[in-house]
Number of protein chains: 2
Amino acid sequence: MATLKDVAALAGVSVKTVSNVVNGYAFVRPENRRRVEEALLTTGYRPNLGARNLRRGRTGFLALVLPELVVPYFAELAGLVLQAAQAHEWNVLIEQTRGTREGERATLASLGTHLIDGAIVSPEALEARDFGELAPGIPVVVLGEHSVDLPLDRVGIDNVRAAEEAVRHLVSLGRTRIAAIGAHPYRGTAAQRLRGYRSALAAAGLPLRDELVATALNYHRRDGAAAMAELLALPEPPDAVFCFNDLLAVGVLRTAAERGLRVPEDVAVVGFDNNEEGGYNRPSLTTVAPDKAAIAHTAVDLLRRRVETADRPPERVQTPFRLEVRESTGPASGG
Amino acid sequence: MATLKDVAALAGVSVKTVSNVVNGYAFVRPENRRRVEEALLTTGYRPNLGARNLRRGRTGFLALVLPELVVPYFAELAGLVLQAAQAHEWNVLIEQTRGTREGERATLASLGTHLIDGAIVSPEALEARDFGELAPGIPVVVLGEHSVDLPLDRVGIDNVRAAEEAVRHLVSLGRTRIAAIGAHPYRGTAAQRLRGYRSALAAAGLPLRDELVATALNYHRRDGAAAMAELLALPEPPDAVFCFNDLLAVGVLRTAAERGLRVPEDVAVVGFDNNEEGGYNRPSLTTVAPDKAAIAHTAVDLLRRRVETADRPPERVQTPFRLEVRESTGPASGG
DNA sequence: ATGAAAGCGCTAACAT
DNA sequence: ATGTTAGCGCTTTCAT
């Protein structure tokens with residue numbers, strides 16, 4: 001593979017001149033420029049970005065740290081981050097943590113190693129001190145709410161308000177036994193959504209029943225299905241379910257169908273995330289739809305600014321969301 | 001950020017010794033090792049991988065080039081590739097091409113720039129010469145079938161046999177008007193699956209009807225829904241549909257439901273890819289299930305061998321698959 | 001406008 | 001067993 005030196009030798013100029021041409025510098029004598037460009041072509045030169053970055057002190061990489069790509073929300077988000085990063089000439093390195101504290105800590109620790117300019121992290125189990133300990137001085141943008149208050153840039157929607165809106169919607173349908181699936185011992189977003197659920201119930205004058213709040217240690221379809229099975233075993237099963245993500249909701253729909261329940265007549269269901277698959281479910285899924293493109297774009301932009309000037313106060317940006325009402329709570333049923 | 005030199009100065013030894021300790025070299029005097037380790041700790045040294053790789057002539061990166069992460073098949077595969085790559089101490093750079101030749105060419109061209117050791121490419125529109133032109137000398141492993149015969153390592157399932165098996169299954173249910181959705185002007189996998197579809201029909205003594213073969217330029221849910229709407233508008237609509245991926249099939253199920261058709265009684269549906277979502281559909285989706293973990297693992301391994309010795313003859317590895325029979329063709333209906 | 005040379009942080013000869 | 005040094009490919013002073 002041809003290097004700058006090879007090209008310089010072939011063109012009969014210095015490395016500097018070739019570098020100037022390659023980097024689009026203005027003042028190069030036309031004759032030299034022509035010869036360099038010819039040499040560039042015949043050698044098929046391509047700059048070694050590693051070397052360039054070593055010299056420049058930036059790597060051109062950004063790490064995207066997330067639980068797992070099989071979760072559609074993260075796959076969709078990752079796709080959008082890739083696009084947003086491209087606009088800033090950043091390559092994206094995706095790291096899966098599997099959502100465990102172990103995995104998250106290990107990944108965070110591996111970031112210290114200079115090959116990234118910064119990281120966008122979607123934490124689940126991480127604690128505040130982990131960041132300082134494992135990735136000191138590394139520009140980080142955090143996605144979503146987190147139980148601990150970190151002095152880091154952060155992007156996400158207002159989960160409390162979003163949950164309130166979802167539950168208020170169920171209340172407006174006349175539902176009174178509204179369950180929640182997705183309570184979690186330490187996930188920040190789960191805590192926020194639970195808070196919104198409770199405050200909406202309280203505002204509607206409905207009682208808070210502990211047996212209607214189901215914990216889910218994971219947010220996969222099977223966990224939703226299992227949780228719904230338990231809720232249906234209650235003496236008085238719910239007439240509506242608010243799920244903390246769409247995957248849980250899909251599991252819920254499945255279990256409901258297997259038990260012969262009609263959705264939304266017997267039980268209305270709301271999800272969270274607006275995965276593409278929800279629109280094709282039967283019934284299609286009512287869900288909280290965060291503006292994922294805005295999240296991706298904002299995160300990348302925040303990271304860029306953080307990289308440029310490290311000593312800014314941390315920012316928290318709230319991105320918009322809306323409630324997408326579909327068949328699982330709507331009048332037209334697919335049940 | 002501390003460098004090797006800083007550590008050496010602090011420990012009162014040479015950089016070589018520090019390097020030896022960092023890289024786990026055996027022969028370091030215990031006293032020196034102790035001092036180096038101490039200096040390592042107090043400086044919080046982390047190796048600059050960029051510099052290391054520049055020197056070593058490898059980058060530690062592998063590019064995974066795929067159409068888009070919102071397609072569950074690619075998201076699932078990407079997750080598995082990340083895992084497989086980790087075992088070889090490779091970081092993975094994901095590039096989305098959006099499945100266009102433009103996008104694929106642009107991505108391929110950007111690979112030439114030395115920051116990757118090799119690439120795993122899932123092409124859709126690429127032509128043979130693109131590889132030679134745009135990424136000359138770069139170790140590449142191709143995923144899936146491709147219309148053009150390339151002298152490159154390749155991993156995939158036997159799409160012809162897989163399609164045959166799917167269609168044979170529909171035939172065994174007594175279906176006679178079996179449609180196919182997903183014919184495509186240049187995708188290699190589409191051509192193979194179409195071939196399998198045709199040969200299975202021929203083997204069963206069923207006529208090949210052109211009106212039952214639907215082209216899909218994209219393989220998203222909405223494309224399946226649209227194609228199914230057209231098939232149902234035929235004077236004699238199909239009694240079974242073989243879709244070239246699960247997303248198309250999900251769209252088909254949706255359209256069928258909207259028209260009040262029962263699946264599988266009125267129309268049986270088979271997909272391809274075994275996305276997680278298919279198991280939770282109502283009815284759950286019968287599908288061709290490729291062993292994605294095997295694909296990911298094999299691709300990474302093939303790439304490693306290609307990087308190590310460039311002058312091996314290209315290999316083609318076929319990974320296993322099986323037909324996963326569920327409700328959309330099975331006796332127990334969810335329709 | 002261009003050349004010479006230093007140096008980014010690291011590893012690998014080569015010495016000792 | 002460890003120190004010295006060259007050099008990976010590039011950008012960037014500093015000269016000229």
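Every chain is numbered from 1 and lettered A, B, ... according to where its sequence line falls, protein lines coming before strand lines.
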What is the distance from [atom1] of [X] to [atom2] of [N], rounded to the nearest Å?
X	N	atom1	atom2	result
A/N20	C/dA1	CG	C1'	9 Å
B/N23	C/dA12	CG	P	8 Å
B/L4	D/dG3	CG	P	12 Å
A/R35	C/dT2	CZ	P	10 Å

Exercise for the section: With sequence neighbours excluded, give me every salt bridge (charged side-chain N to carboxylate O under 4.0 Å, His left out) pair touching residues 1-22 of chain B. Expected result: none

Handout entry: Summary of salt bridge (charged side-chain N to carboxylate O under 4.0 Å, His left out) pairs that have at least one residue in residues 32-42 of chain B, sequence neighbours excluded
Key = B/E31-B/R34, B/R34-B/E38

May I ask you to verify if any side-chain N or O of [X] is less than 4.0 angstrom from the OP1 or OP2 atom of [N]?
X	N	value
B/S19	C/dC10	no
B/R52	C/dG9	no
B/R29	D/dA1	no

Contacts of type ring-ring contact (aromatic ring centres under 6.0 Å, His included), residue [X], not counting sequence neighbours:
X	result
B/H297	none
A/F61	B/F61
A/H220	none

Practice task
Would you mind reporting whether A/L303 and A/L62 have side-chain heavy atoms less than 4.5 Å apart?
Solution key: yes

Problem - Beyond-backbone contact of A/V141 with A/V300, side-chain heavy atoms, under 4.5 angstrom - result: no

Problem - Residues which pass salt bridge (charged side-chain N to carboxylate O under 4.0 Å, His left out) with B/R101, listed by chain and number, not counting sequence neighbours - result: B/E127, B/D130

Please tabulate, one pair per line, each protein N/O and nucleotide N/O from nucleotides 6-8 of chain C that are separated by under 3.5 Å, including the distance.
unit_1, atom_1, unit_2, atom_2, d
C/dG7, N2, A/R55, NH1, 3.1
C/dG7, N3, A/R55, NH1, 3.2

Problem - Neighbours of DNA chain D within residues 304-311 of chain B, by heavy-atom distance under 4.0 Å - result: none

Practice task
Scan for ring-ring contact (aromatic ring centres under 6.0 Å, His included) pairs involving residues 88-107 of chain A, sequence neighbours excluded, and state none if there are none.
Solution key: none

Practice task
Would you tell me whether A/T189 and A/N159 have side-chain atoms, one donor and one acceptor, within less than 3.5 Å of each other?
Solution key: no

Nucleotide N/O of nucleotides 3-5 of chain C paired with protein N/O under 3.5 Å:
unit_1, atom_1, unit_2, atom_2, d
C/dG3, OP2, A/S14, N, 2.6
C/dG3, OP2, A/S14, OG, 2.5
C/dG3, OP2, A/T17, OG1, 2.6

Exercise for the section: May I have the step-by-step check of side chain to side chain donor-acceptor pair (under 3.5 Å) for A/D117 and A/T59, ending in yes or no? Expected result: CA-CA 6 Å; A/D117 297 322; A/T59 69; 3.2 Å; yes

Fill in the blank from the handout: To the nearest 10 degrees, the angle between the two end axes of the helix from C/dA1-D/dT16 to C/dT16-D/dA1 (five pairs per end) comes to 40°

Exercise for the section: For the pair A/R312 and A/E315, find out whether any cationic side-chain nitrogen is under 4.0 Å from an anionic carboxylate oxygen. Expected result: yes

Handout entry: Pairs satisfying side-chain hydrogen bond (donor to acceptor under 3.5 Å, both in side chains), at least one member in residues 77-87 of chain A, at least two apart
Key = A/Q83-B/R98

